[in-house]
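Structure first, commentary second.
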Amino acid sequence: QAQLVESGGGSVQAGDSLRLSCVTSGRTFGLKCMGWFRQAPGKEREFVAAINYSGGRTYYAESVEGRFTISRDNTKNTVYLQMNSLKPEDTAVYFCQIGQTSQGMGADNVQGPASIFDSWGPGTRVTVSS
């Protein structure tokens, strides 16, 4: 099973930016959609963003649209999440995940949801203070 290792989290002020990275050991990285999810304290894990296998299509949760940008480098087996204009409500542990198809996180739902995945990396914590 592919390993996922997230990095780049930290503690920042509202309005700051962070760039998250996720490296995977999976040999099918370039064939699969990749996505980011997050889990805030006391809340369920939720979809944040996804990018299809080629990088030609991206999808975002409404709460991050216009502030976050997902990208990928298939030569490095890495997916990124550029987070700008961070808000306190963005505070969460962020996880990356390999999609079930080339175009979406789930077979029937581009956003997954998170519950369809059994294995996760350790995540990277993002804390945004006001």
Side-chain angles (χ1 to χ4, degrees):
Q1 200 164 13
Q3 289 190 326
L4 300 160
V5 180
E6 303 90 346
S7 64
S11 296
V12 297
Q13 297 288 320
D16 286 350
S17 298
L18 280 174
R19 188 194 195 202
L20 307 184
S21 299
C22 170
V23 179
T24 175
S25 61
R27 291 184 293 176
T28 60
F29 178 86
L31 303 177
K32 297 289 190 179
C33 180
M34 292 294 297
W36 286 95
F37 293 79
R38 68 186 181 186
Q39 188 164 17
K43 295 188 177 181
E44 293 187 352
R45 197 164 300 187
E46 64 176 4
F47 170 82
V48 175
I51 185 167
N52 78 335
Y53 76 105
S54 68
R57 298 197 70 172
T58 57
Y59 311 89
Y60 297 95
E62 188 175 333
S63 59
V64 307
E65 181 86 51
R67 299 187 297 121
F68 291 10
T69 302
I70 188 171
S71 61
R72 66 189 297 160
D73 185 340
N74 287 351
T75 66
K76 298 181 179 179
N77 276 22
T78 302
V79 62
Y80 305 97
L81 186 68
Q82 177 67 42
M83 306 187 297
N84 297 331
S85 303
L86 282 161
K87 304 176 180 180
E89 50 264 45
D90 295 319
T91 294
V93 179
Y94 285 71
F95 303 88
C96 67
Q97 186 56 266
I98 302 170
Q100 292 185 341
T101 77
S102 63
Q103 298 295 338
M105 298 307 295
D108 302 316
N109 183 344
V110 70
Q111 297 187 1
S115 58
I116 66 175
F117 301 104
D118 297 324
S119 180
W120 297 85
T124 187
R125 185 175 299 276
V126 174
T127 303
V128 185
S129 56
S130 58

Worksheet item: Under 3.5 Å, side chain of Arg45 to main-chain N/O of Pro113, donor-acceptor pair present?
Response: no
Worksheet entry | Residues that Glu44 engages under side chain to side chain contact (heavy atoms under 4.5 Å, CB included), provided they are two or more places apart | none
Practice prompt. Assess whether atom CD of Gln3 is packed by more than 12 heavy atoms of other residues, nucleotides or ligands within 6.0 Å.
Written response: no
Worksheet item: Side chains of Tyr53 and Leu31: closer than 4.5 Å at any heavy-atom pair?
Response: no
Fill in: Gap between atom CD of Gln39 and atom CD of Glu46 - 0.5 Å precision
9.5 Å
Worksheet item: In chain order, what residues pass the side chain to side chain contact (heavy atoms under 4.5 Å, CB included) check against Thr58, with sequence neighbours excluded?
Response: Ile51, Tyr60, Ile70
Practice prompt. Looking only at non-hydrogen atoms, find the nearest pair between Leu86 and Leu18 and report the distance.
Written response: CD1-N, 3.9 Å
Worksheet item: Measuring from Lys32:NZ to Arg72:CZ, what's the distance to the nearest 0.5 Å?
Response: 11.0 Å
Practice prompt. Please report the shortest heavy-atom distance between Pro88 and Ser129, naming the atom on each side.
Written response: CG-C, 4.5 Å
Worksheet entry | Residues forming a side chain to side chain contact (heavy atoms under 4.5 Å, CB included) with Thr78, sequence neighbours excluded | Ser21, Val23, Lys76, Tyr80
Worksheet item: Checking Gln100 side chain against Cys33 main chain: does a donor-acceptor pair fall under 3.5 Å?
Response: no
Practice prompt. Applying side-chain contact (heavy atoms from CB on, under 4.5 Å), run through Ser17 and Asn84 and close with a yes or a no.
Written response: CA-CA 4 Å; Ser17 298; Asn84 297 331; 2.9 Å; yes
Discussion item. List the residues meeting disulfide bond (SG atoms under 2.5 Å apart) with Cys22, not counting sequence neighbours, and say none if there are none.
Written reply: Cys96
Discussion item. If hydrophobic residues (ILVMFWY) are linked whenever their side-chain heavy atoms come closer than 4.5 Å, directly or via other members, who joins Tyr59 in its cluster?
Written reply: Phe37, Phe47, Val93, Phe95, Met105, Val110, Ile116, Phe117, Trp120
Worksheet item: Does some side-chain heavy atom of Phe29 sit less than 4.5 Å from a side-chain heavy atom of Ile98?
Response: no
Worksheet entry | Non-neighbouring partners of Ser63 that pass side chain to side chain contact (heavy atoms under 4.5 Å, CB included), sequence neighbours left out | Arg38, Ala61
Worksheet, complete the sentence: Rounded to the nearest 0.5 Å, the CZ atom of Arg125 sits from the CG atom of Leu20 at a distance of 13.0 Å
Worksheet item: Would Met83 and Val126 count as a side-chain contact (heavy atoms from CB on, under 4.5 Å) if you check the C-alpha gap in whole Å, the side-chain angles of each, and the deciding distance to 0.1 Å?
Response: CA-CA 10 Å; Met83 306 187 297; Val126 174; 3.8 Å; yes
Worksheet item: Checking Thr124 side chain against Tyr94 main chain: does a donor-acceptor pair fall under 3.5 Å?
Response: no
Discussion item. Nearest 0.5 Å, please: how far is CE in Met34 from OG in Ser71?
Written reply: 11.5 Å
Worksheet item: Does Arg67 use its side chain to pair, donor to acceptor, with the backbone of Ser85 at less than 3.5 Å?
Response: yes
Worksheet entry | Side-chain donor/acceptor of Glu6 to backbone N/O of Gly123, under 3.5 Å | yes
Worksheet item: Is it true that a side-chain atom of Asn77 and a backbone atom of Ser25 form a donor plus acceptor pair closer than 3.5 Å?
Response: no
